[in-house]
Amino acid sequence: MGSEWMEMRKRPVCAAQEPAACAPGQPGVENQGSNACCFCWCCCCSCSCLTVRNQEEQRLRRTSYEVRTEDLPNCEESPGPTLEEASAWAQSFDKLMLTPAGRNAFREFLRTEFSEENMLFWMACEELKKEVNKAMIEEKARVIYEDYISILSPKEVSLDSRVREAINRSMAEPSQNIFDDAQLQIYTLMHRDSYPRFMNSALYKDLLRSLSEKAVEA
């Protein structure tokens with residue numbers, strides 16, 4: 001009995017020491033080696049993927065910024081309007097939108113109503129129509145989509161679902177006229193909604209008063 005009891009006392013100690021003394025061919029060690037290799041490979045792969053992705057995102061942001069600053073200036077270059085020209089804006093929305101001075105004045109008003117994106121979108125579409133290079137058409141269309149069509153954009157314009165779906169289908173191979181229907185909707189919205197308020201705004205009335213005073217002084 002004494003020798004058997006002593007043998008039983010020794011067994012747990014041997015069992016606890018067995019993992020450290022396992023031979024390389026045993027399953028426990030193989031699994032540890034496999035996991036370590038897999039962990040290292042995944043880490044390296046993830047780091048490489050993140051690096052490439054970050055570089056690509058930086059390139060796209062830089063390109064998008066260049067397109068925006070080139071094609072969407074804060075203010076269109078134009079001489080100040082004459083009294084005759086500014087008075088003509090009250091005749092029709094088309095006459096207002098035909099001149100850079102009219103668009104600048106209207107855009108200033110839209111900024112006070114936090115709806116300047118409507119004019120920016122309309123201007124961007126006009127610029128896109130002038131483009132003939134296929135690569136630039138695709139790039140500018142992507143920028144316009146991200147800035148004004150995407151529901152994630154803070155500058156998203158208001159469009160109906162039919163127009164949005166048509167744009168989404170065409171984005172795989174965009175053309176200069178991909179946003180024509182959307183541009184017409186926004187043009188109509190500005191005409192019906194914002195234009196009447198602009199005509200009655202202090203901004204427009206002050207402009208007319210200033211131009212009238214200059215005309216009298218001349």
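No hydrogens, no waters, no symmetry mates; every other heavy atom, side chains included, goes into these values.
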Does [X] pair with [Y] as a salt bridge, N-O distance under 4.0 Å?
X	Y	answer
Arg103	Glu126	no
Lys214	Glu217	no
Lys134	Glu138	yes
Glu127	Lys140	no

Distance-minimising heavy-atom pair for [X] and [Y]:
X	Y	value
Cys125	Ile144	N-CD1, 4.3 Å
Trp89	Ala105	CZ3-CB, 3.8 Å
Asp181	Arg162	OD2-NH1, 4.2 Å
Phe109	Ser201	CE1-CB, 3.7 Å
Ile151	Arg164	CG2-NH1, 4.3 Å

Distance, nearest 0.5 Å, that separates [atom1] of [X] from [atom2] of [Y]:
X	Y	atom1	atom2	result
Phe198	Thr112	CZ	OG1	10.0 Å
Leu203	Arg197	CG	CZ	13.5 Å
Glu108	Leu207	CD	CG	9.0 Å
Trp122	Tyr187	CH2	OH	7.0 Å
Ile137	Ser175	CD1	OG	7.5 Å
Gln185	Phe121	CD	CZ	9.0 Å

### Query
Would you say Met119 and Met199 are hydrophobically clustered, going by side-chain heavy atoms of ILVMFWY under 4.5 Å?
yes

### Task
Check whether Met171 and Val157 end up in the same hydrophobic cluster, where Ile, Leu, Val, Met, Phe, Trp and Tyr are linked by side-chain heavy atoms less than 4.5 Å apart.
yes

### Task
Check the pair Met97 / His191 against side chain to side chain contact (heavy atoms under 4.5 Å, CB included), numbers first and verdict last.
CA-CA 10 Å; Met97 292 291 285; His191 183 190; over 6 Å; no

Using modelled atom types only, decide if a donor and an acceptor are shared between the side chain of [X] and the backbone of [Y] within a distance under 3.5 Å.
X	Y	answer
Asp193	Leu189	no
Ser210	Asp206	no
Glu113	Ser115	no
Asp160	Val163	yes

Side-chain touch [X]/[Y], heavy atoms, less than 4.5 angstrom:
X	Y	answer
Thr99	Pro81	no
Leu128	Ile178	yes
Lys95	Glu85	no
Leu159	Ile186	yes
Arg107	Leu120	yes

### Task
Starting from the C-alpha separation in whole Å, work towards a yes-or-no answer on side chain to side chain contact (heavy atoms under 4.5 Å, CB included) for Gln183 and Lys129.
CA-CA 11 Å; Gln183 187 184 19; Lys129 291 176 183 178; 2.8 Å; yes

### Message
For Tyr204 and Phe106, I'd like to know if the aromatic rings sit close, meaning centre-to-centre distance below 6.0 Å.
### Response
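So the answer is no for these two rings.
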
### Task
Apply ring pair (Phe, Tyr, Trp, His ring centres under 6.0 Å) to Tyr145 and list each qualifying residue two or more places apart in sequence or on a separate chain.
none

### Query
After noting the C-alpha distance and the side-chain angles of Asn118 and Tyr148, does the key distance pass the side chain to side chain contact (heavy atoms under 4.5 Å, CB included) rule?
CA-CA 9 Å; Asn118 289 331; Tyr148 305 108; over 6 Å; no

### Message
Phe93 vs Leu96, test: side chain to side chain contact (heavy atoms under 4.5 Å, CB included). Steps then yes/no.
### Response
CA-CA 5 Å; Phe93 183 59; Leu96 170 70; 3.8 Å; yes

